[in-house]
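Below is one structure, written out as structure tokens; comments come after it.
Read the numbers this way: they start at 1 and go in the same order the structure lists the ligands and their atoms. Residue numbers count from 1 along this sequence. Keep in mind that the numbers below use all heavy atoms, side chains included, and drop hydrogens, waters and symmetry copies.
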Amino acid sequence: MTLWQGRIQGEPAPELMAFTVSLSVDLRLAEDDLAGCRAHVRGLERSGIIAGEEAKVLLTALDRVAQELEEATFVFRPGDEDVHTAIERRVTEIGGSVGAKLHTGRSRNDQVVTALRLYTKRQLRRVARAVVALQEVLLDRADAAGDTYLPGYTHLQRAQPVLLAHHLLAHGWALARDVDRLRATIVRLDVCPLGAGALAGSSLALDPDGVAADLGFARRFDNSLDAVADRDFVAEALFDLALLGVHLSRLGEEIVLWSTEEFGFLHLDDSWATGSSMLPQKKNPDVAELARGKSGRLIGQLAGFLATLKGLPLAYNRDLQEDKEPLFDAVDQMNLALPAICGLLATVGFDDHRMRAAADSDTSVAVDLAEWLVDRGMPFRDAHALVGGLVRSCIERHVPLAELVEAHPDLGTEALALFEPGVAVARRRTPGGAGPGPVAEQLARFRAVVRENGEALSE
Ligand code: ARG
């Protein structure tokens with residue numbers, strides 16, 4: 001039996017049902033649909049549309065449905081095209097003619113999107129909390145990294161030494177923007193569409209403000225057409241998750257790279273690495289690779305859903321049912337990825353020795369030599385050319401750069417001090433820069449941001 005038996009005669013074609021049902025996907029909205037149903041019933045009662053006794057029957061029936069769903073004794077019927085239909089059908093079975101009042105002044109169009117907003121609010125908070133947990137791991141590792149330094153890269157060529165803490169926190173700040181974005185998306189989506197009906201509101205004296213407050217939404221919709229047609233919040237959530245995924249992919253890629261024999265900057269804990277079915281020697285960074293690989297899927301969910309939305313006329317169209325799978329998948333993937341990446345990162349062993357050795361290569365002090373000359377009055381462009389020339393001849397003549405520096409009249413033995421291990425990185429003093437002074441300050445700022453977000457999200 002369908003919900004529209006008055007207008008449409010007979011049973012729907014099996015192929016129509018097979019193609020249009022969404023129950024297996026939206027079953028996970030049951031809890032949110034029940035919350036929406038209860039608030040709707042209380043609203044109908046407050047407005048005097050149903051009597052107190054009737055509200056009681058409906059709320060009791062909803063409790064029973066909740067229990068049946070929880071205990072997995074709820075019997076779905078072939079006509080239950082989605083979870084919303086199933087719940088209303090069952091309430092009507094339990095509550096008889098009173099049950100048939102549940103849908104008064106409501107359409108699935110406002111009902112579905114109300115449940116989806118409740119779900120999205122809760123899940124984005126959960127994801128944001130998991131991001132904060134990852135930031136805490138980065139913070140701990142950065143804190144413990146002390147004065148360990150490694151080469152900073154541009155174009156994946158060694159550029160200048162940086163503190164390991166600085167490098168780790170660079171990922172941490174990108175994640176801080178992700179948390180900001182998730183929180184801002186939650187604020188924007190915190191709107192209750194219930195009362196918009198199919199598209200135009202109702203002639204009944206509904207109470208959308210009261211229902212919004214009852215469900216814990218910050219406000220009600222402003223425009224009923226927009227309320228049922230808008231899925232910006234899904235697209236925004238997908239963007240936030242895709243960009244978060246891109247950030248995780250960059251972190252993952254560095255873990256892959258750093259764990260190679262060629263780099264050797266870190267080794268993976270055994271419980272966070274995988275072996276090979278054929279190659280006995282292998283220890284593979286699969287978590288880091290999937291952190292990188294999943295981003296493609298997350299980007300795909302966003303791009304696909306934007307294509308679904310494009311050109312849709314107002315208001316509700318069945319196309320909008322396609323909002324759930326990409327969102328659920330992106331949320332599921334993040335809920336799996338973040339704890340795994342946390343565990344991986346918390347247990348990697350950094351090889352300080354390899355990092356320092358790579359950063360102490362002659363040429364990584366090139367810009368420090370140029371700045372040393374600038375300190376002594378030479379225009380930067382001239383200093384750049386002078387040092388660049390020295391690097392070139394040391395490569396051509398196969399002699400150490402230090403030797404040429406010592407012999408150069410503008411540099412000499414005093415400039416040689418820059419080649420001492422760790423000296424170059426310690427000289428970086430720009431606020432926000434890679435040296436110990438600014439990094440200590442940055443650690444404090446980062447810790448405060450992480451704490452503030454953690455507190456805001458735990459409320
Ligand atoms: N399962 C559908 C969805 O998620 C329910 C809405 C159907 N509404 C309608 N007017 N046919 O969008």
_Shortest non-hydrogen contact from L309 toward A235_ = CD1-CB, 4.4 Å

*asked:* The test is salt bridge (Lys or Arg N to Asp or Glu O under 4.0 Å); show your working for D32 and R117 and say whether it passes.
replied: CA-CA 9 Å; D32 297 300; R117 281 178 186 264; over 6 Å; no

*Verify the ring-centre separation between W258 and H167: is it less than 6.0 angstrom?*
yes

*Are any of the N or O atoms of Q321 closer than 3.5 Å to those of ligand 1?*
yes

*Indicate, as side chain, backbone, both or neither, the part of N109 found under 4.0 angstrom from ligand 1 when only non-hydrogen atoms are considered.*
side chain

*In terms of atom number and element, which parts of ligand 1 are under 4.0 angstrom from non-hydrogen atoms of D82?*
1 (N), 2 (C), 5 (C)

*Under 4.0 Å from any heavy atom of S22, which atoms of ligand 1 are there?*
1 (N)

*Going by an N to O cut-off under 4.0 Å, is there a salt bridge joining E455 and R451?*
no

_Side-chain (D110) to main-chain (G197) donor-acceptor, under 3.5 angstrom_ = yes

*Any K324 heavy atom less than 4.0 Å from ligand 1*: yes

